[in-house]
Amino acid sequence: MALERNEFIRRSVVGKATGVVQKPLGAWERLYGQAWARKLFLLVLLGIVWEAYGLYLGNELLFPTFGATMKALWDAVASGEMASRMAVSLKVLLIGYSIGVALAALLATTAITTRIGTDLLETLTSMFNPLPAIALLPLALIWFGLGTGSIVFVLVHSVLWAVALATHSGFLSVSNTLRMVGRNYGLTGFRYVAKILIPAAFPSILAGLKIGWAFAWRTLIAAELVFGVSSGSGGLGWFIYENKNELEIPSVFAGLLAVIAIGFVIENVVFATLEKATVRKWGMQH
Amino acid sequence: MDDVLLDVRGVTLQYKTQEHLVTATFRVDFQVHRSDRFVLLGPSGCGKSTLLKAVGWYLRPVEGEIRLKGRVVDRAGPDRVMVFQEFDQLLPWKTVKENVVFALKASRRLAGREAVDRAMHYIEKVNLTSFADSYPHTLSGGMKQRVAIARGMAMEPDILLMDEPFAALDALTRRKMQDELLQLWEGTRFTVLFVTHSIPEAVTIGNRILLLSPHPGQVKAELNSNGQDEPDPTTGKTLSRRIHEMLFEDEVEEAIGG
């Protein structure tokens with residue numbers, strides 16, 4: 001037999017009797033809640049460890065201190081050399097990256113509209129994607145000579161396959177409903193790709209662009225290290241190589257820091273802004 | 001009869017899966033008149049959605065023909081706008097207003113100011129004016145479907161094709177949406193071809209109900225509905241009861257036969 005239970009109605013407690021309902025967090029708690037603050041703390045810690053180890057080792061040729069590196073970096077920035085080296089590197093990068101992305105768009109569009117295009121994309125990417133771009137540099141030197149042309153060639157190679165692959169898989173994952181909506185409103189061919197497929201596949205495309213950028217940046221620095229200079233002024237890779245030859249090790253470290261800094265800015269400022277303005281705003285990525 | 005808007009004659013539809021060739025419908029005939037709320041009703045597997053897709057020309061009939069206003073349908077086009085069941089039919093990168101404007105522009109119906117005005121007119125009709133600048137991911141399922149309906153109606157198509165548009169909604173919202181659709185219809189008297197597997201929904205929405213039997217889909221009956229579902233004075237049976245029996249009797253026969 002079911003137990004007899006009494007009904008009851010309660011009054012909720014009001015006023016101060018409930019204790020804290022809502023109170024602002026302390027300054028420390030709030031600061032610790034910020035990802036950038038925690039990361040900054042880690043960076044400062046790393047800097048201190050670096051400085052301490054450099055002082056303990058006392059050998060500037062092997063491992064300069066943090067302070068010496070910062071000074072070399074400051075000198076390079078102050079003399080304007082760093083800026084011009086960065087400009088050279090970024091200009092070449094931009095040319096190679098743009099050509100690579102344009103070709104990838106062309107390849108992915110052909111792949112999604114024709115069956116032979118799909119086969120072409122699949123065959124080419126499975127052949128060339130595993131091939132490190134830098135391995136093509138000797139060949140590029142023979143074809144295009146010492147200079148920007150060779151670097152652009154290997155950059156295009158490093159960007160093209162990754163971006164084309166990501167774009168293609170993005171196109172394939174566009175929902176059937178959206179495809180039918182596009183066709184319903186009379187979109188075909190290029191308009192269909194531009195107005196439905198590209199925005200709908202944008203999360204994948206963006207991921208591809210990021211991977212392509214990272215590949216391109218590494219390839220560029222490596223290529224510059226190999227032969228670097230074209231007609232007088234080289235890029236960041238050449239800056240590192242040159243300073244190593246002159247045993248200016250703090251400057252080598254400064255060059256490496258500059259490479260890291262540019263990578264950091266592109267990733268966390270350029271791509272983050274792009275993400276916020278597109279896929280996050282559209283609720284396609286969180 | 002020149003009142004016939006959509007004429008489906010002897011349409012057989014087939015599609016291929018990995019292993020089988022499936023006949024979805026077999027020689028289906030029906031005529032939709034102007035301002036009809038024509039419902040295709042049947043259990044799953046009766047090919048009602050496939051039939052709707054054929055009218056939208058996402059699928060070609062292997063036999064028979066479909067005529068719209070006397071002309072044979074031979075391509076997809078904005079004279080037959082489809083409203084889907086899925087919530088992702090709205091373009092997530094466009095706001096509510098932009099979604100409707102997009103449809104008008106992409107189909108080259110209207111451009112510029114006119115497109116925006118028409119879009120806002122229909123957004124107001126579905127009571128979403130205050131959400132015109134919201135992105136779809138911030139809306140509820142029912143609101144998304146209302147946007148999709150506004151987008152379809154803004155095109156002012158010859159016929160609006162609705163593929164179980166309320167099936168993914170909760171029961172309360174669904175009820176509300178059905179009433180709203182009827183109100184919209186009172187206002188403009190558009191022609192709609194509506195697919196559902198719910199008998200009450202068919203009885204509420206439709207003025208004419210085509211009953212399909214499954215495997216493969218064939219016409220079983222075509223019935224009138226006044227939306228009231230009251231008992232018939234002679235038989236004492238409501239319309240939904242009659243439909244239920246017609247669909248159910250098949251299962252009994254199959255059970256005995258098998």
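None of the values given here were measured: they were computed from a predicted structure. Each chain gets a letter, A, B and so on, in the order the sequences are listed, and its residues count up from 1.
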Can you say whether [X] sits under 4.5 Å from chain A via the side chain, the backbone, both, or neither, judging by heavy atoms?
| X | result |
| --- | --- |
| Arg108(B) | side chain |
| Leu104(B) | neither |
| Phe84(B) | side chain |

Take Met162(B) and Gln85(B) through the test side-chain contact (heavy atoms from CB on, under 4.5 Å) and record every step on the way to the result.
CA-CA 8 Å; Met162(B) 301 182 109; Gln85(B) 176 183 346; over 6 Å; no
Only pairs of heavy atoms separated by less than 4.5 Å count here; which of Ser175(A), Gly283(A), Pro199(A), Ala200(A) has the most with chain B?
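The answer is Pro199(A).
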For the residue pair Phe30(B) and Phe38(B), does the interplanar ring angle fall in the parallel (under 30°), tilted (30 to 60°) or perpendicular (over 60°) class?
parallel
Relative to each other, are the rings of His137(B) and Tyr135(B) parallel, tilted or perpendicular (30° and 60° limits)?
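The arrangement is tilted - the two ring planes meet at 30° to 60°.
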Assess Arg80(B) against Trp57(B): is NZ or CZ under 6.0 Å from the centre of the six-membered ring, and within 45 degrees of the ring's axis?
no
Might you work through the salt bridge (Lys or Arg N to Asp or Glu O under 4.0 Å) test for Asp170(B) and Arg174(B), ending with a clear yes or no?
CA-CA 6 Å; Asp170(B) 63 274; Arg174(B) 189 172 183 170; over 6 Å; no
Just so I understand: if I count every heavy-atom pair under 4.5 Å between each of Ala106(B), Ala76(B), Pro78(B), Ser107(B) and chain A, which residue has the most?
Ala106(B)
Given a strict heavy-atom distance threshold of 4.5 Å, which part of Met284(A) is in contact with chain B: side chain, backbone, both, or neither?
side chain
